[in-house]
Amino acid sequence: MKKILVVAKWEYFEKVKSKAFIISLFLMPVIMVTFAILPGLLANQEDKNTKAIGVIDLSGEVASIFTQRMQDRYKLPDGQPRYIIQVIATGKHVNLEEALHQGDEKVVTDEIEGYCIIGATLSDSLVEYRSKNVGDFRISNRIEENVRQILTEKRIAALGLDPVLLKDLKVPLNVRPVKLSKSGEAEGGGFEQVFFTAYIFLMMLFFLINTSGQLLVRSMLEEKGNRIVEVLVSSCSPTELMAGKVLGLSGLGFTQIGFWALIGLAATLQFGVTLVPVSHALLLVIYFVLGYLFYAAIFIALGSPVTTEQEAQQINSYLVLVLILPLVIAFPAMQNPNAGWIRILTYFPLLTPTMMALRIPIQTPSVWEILSTIILMSVCIVGGMRVAGKIFRVAILSTGKRPGFAEMLRWVKTG
């Protein structure tokens, strides 16, 4: 144990004093908050110039009202209308082919941003919007909203009712989701808090495994390259060396997490916003530690035989792809956390920590499922560390061509 602690101490203090580590302590929280907030801010930021929108009204009843509402409802900061509406053609006898040709030409020459085509009857619910940039969802959404209101009002008027009553009949309603615990107690927390809790866990685990894994592999690669490893294994056993490296880099990673947790706690006290509910914190920490140790075993097993920087980067990229998968399926998992395929992925050890991090904030799994996944991860960690240790003992002194899978399997069997 004394030798293990010496190796761990050296690995820890050698890395913790580096400028890269100190910068990452402050840079990573900024990156996480920026990635969480910036897309929403950019999505809500509108252009500051007036845009021309064309309209082809085949019914002859919508264009004038649509023009007035689009120009009156949406204003620039200086009070000018955000949209100027150009009526390309209106009426039931419009030659649609000529109107489309005229509208397309205006779009191509940038005379207008785009144009919409309203059907010939009030029952026609399809409105087509043609533009070079169909990614500007604000314009299409606003066209849809205003045309829908106009058609609804006209249908109400056709029934002999006053369209003004439509505004009085609309009831403003906001749905506030409240999560209930298994005991029936209200825990609060809407979608934003649930998503942010899972997002924080996934990003921290991703960053910790990515950085610590790279440091571990590159440390072994550097020591093999300059032959220091031969001196090290003459002073301690390969198992002690491996344990010291894992312990030292784990301490380094948890130093980062602890610092970020203090920042989160300070933000909670300052702004009164609970980033991670206390009821979920302990479980998330358990899965965080289990996930990190399991991936550390994988990095040791796959990283110790590498002989070049390129091979180290390839190993890291493969494992990063596995860590990204939960981010891809985050929304389906949140909508139905107890789906069969979600549960199946939960018992895949590479995904167990991240899948449980998605499920726990939404709908905490049953006790047997939590216990079974914790036991599964513990068994995989013990087995993974034993396999990694056998590979490490042989691979740490190997040079030349990287061994294949069959040769590494033989090391495990004979180790």
Side-chain angles (χ1 to χ4, degrees), residues 35-92 94-157 163 166-167 169-175 191-192 195 328 330-332 335:
F35 283 179
I37 298 176
L38 186 60
L41 295 177
L42 294 177
N44 293 326
Q45 187 176 6
E46 298 199 45
D47 292 333
K48 298 182 180 180
N49 299 320
T50 299
K51 291 184 177 181
I53 304 295
V55 58
I56 298 176
D57 179 16
L58 302 179
S59 69
E61 302 180 36
V62 178
S64 59
I65 305 174
F66 176 76
T67 299
Q68 181 180 356
R69 292 192 181 180
M70 288 290 287
Q71 296 181 169
D72 292 345
R73 287 185 176 181
Y74 308 107
K75 300 288 185 179
L76 294 173
D78 60 1
Q80 296 297 316
R82 189 173 294 279
Y83 303 111
I84 296 296
I85 306 302
Q86 291 186 15
V87 179
I88 299 174
T90 182
K92 295 183 178 296
V94 169
N95 186 321
L96 181 58
E97 185 176 349
E98 292 182 2
L100 290 176
H101 177 74
Q102 184 179 356
D104 292 344
E105 187 175 355
K106 288 178 177 290
V107 171
V108 171
T109 58
D110 293 326
E111 184 177 340
I112 59 176
E113 179 73 16
Y115 67 97
C116 61
I117 307 165
I118 300 171
T121 64
L122 298 180
S123 61
D124 191 347
S125 60
L126 177 62
V127 176
E128 184 176 319
Y129 177 67
R130 300 164 73 100
S131 173
K132 288 193 295 185
N133 177 21
V134 294
D136 192 344
F137 60 90
R138 292 191 195 89
I139 295 179
S140 57
N141 288 345
R142 288 168 178 173
I143 291 174
E144 177 185 349
E145 178 185 358
N146 284 278
V147 172
R148 182 194 297 114
Q149 288 181 357
I150 295 170
L151 294 179
T152 302
E153 291 171 2
K154 287 190 171 294
R155 290 178 186 178
I156 290 176
L166 180 63
K167 295 181 180 179
L169 293 174
K170 288 184 176 180
V171 178
L173 181 67
N174 292 318
V175 178
F191 172 80
E192 293 82 3
F195 177 77
V328 176
F331 283 102
Q335 290 174 342

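The first residue of the sequence shown is numbered 1, and numbering continues consecutively from there.
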Going by the rule side chain to side chain contact (heavy atoms under 4.5 Å, CB included), which residues pair with [X] if we only count those two or more places apart in sequence or in a different chain?
{"X": "Ile112", "value": "Ala52, Gln86, Ile88, Lys106, Val107, Tyr115"}
{"X": "Asp110", "value": "Lys132"}
{"X": "Asn95", "value": "Glu97, Glu98"}
{"X": "Leu76", "value": "Thr50, Asp78, Gln80, Arg82"}

Check whether any side-chain heavy atom of [X] sits under 4.5 Å from a side-chain heavy atom of [Y], and report yes or no.
{"X": "Val87", "Y": "Phe66", "answer": "no"}
{"X": "Ile53", "Y": "Ile84", "answer": "no"}
{"X": "Gln68", "Y": "Ile85", "answer": "no"}

Evaluate the criterion side chain to side chain contact (heavy atoms under 4.5 Å, CB included) for residue pair Val127 and Ile117; output intermediate values, then yes/no. CA-CA 6 Å; Val127 176; Ile117 307 165; over 6 Å; no
Listed by chain and number, what are the side chain to side chain donor-acceptor pair (under 3.5 Å) partners of [X], not counting sequence neighbours?
{"X": "Thr121", "answer": "Ser123"}
{"X": "Glu128", "answer": "Arg130"}
{"X": "Ser131", "answer": "none"}

Report the residues that fulfil salt bridge (charged side-chain N to carboxylate O under 4.0 Å, His left out) with [X], sequence neighbours left out, ordered by chain and then residue number.
{"X": "Glu145", "value": "none"}
{"X": "Lys51", "value": "Asp47, Asp136"}
{"X": "Arg148", "value": "Glu144"}

For the student: nearest non-hydrogen atoms of Asn146 and Arg142, plus distance: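 Shortest heavy-atom contact: ND2-O, 2.7 Å.
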Taking atom CD1 of Ile139 and atom SG of Cys116, what is their separation to the nearest 0.5 Å?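 So the CD1 of Ile139 and the SG of Cys116 are separated by 10.5 Å.
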Working to the nearest 0.5 angstrom, can you tell me the gap between Thr152 OG1 and Ile156 CD1?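 Taking OG1 in Thr152 and CD1 in Ile156, the distance rounds to 6.5 Å.
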Begin from the C-alpha positions of Leu58 and Ile118 and carry the test side chain to side chain contact (heavy atoms under 4.5 Å, CB included) through to its verdict. CA-CA 6 Å; Leu58 302 179; Ile118 300 171; over 6 Å; no
Applying salt bridge (charged side-chain N to carboxylate O under 4.0 Å, His left out), run through Arg155 and Glu61 and close with a yes or a no. CA-CA 12 Å; Arg155 290 178 186 178; Glu61 302 180 36; over 6 Å; no
Between the side chain of Asp57 and the main-chain N/O of Thr90, is any donor-acceptor distance below 3.5 Å?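 No.
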Could you list the residues that satisfy ring pair (Phe, Tyr, Trp, His ring centres under 6.0 Å) with Tyr83, not counting sequence neighbours?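 With sequence neighbours excluded, Tyr83 shows a ring pair (Phe, Tyr, Trp, His ring centres under 6.0 Å) to Tyr74, given in chain and number order.
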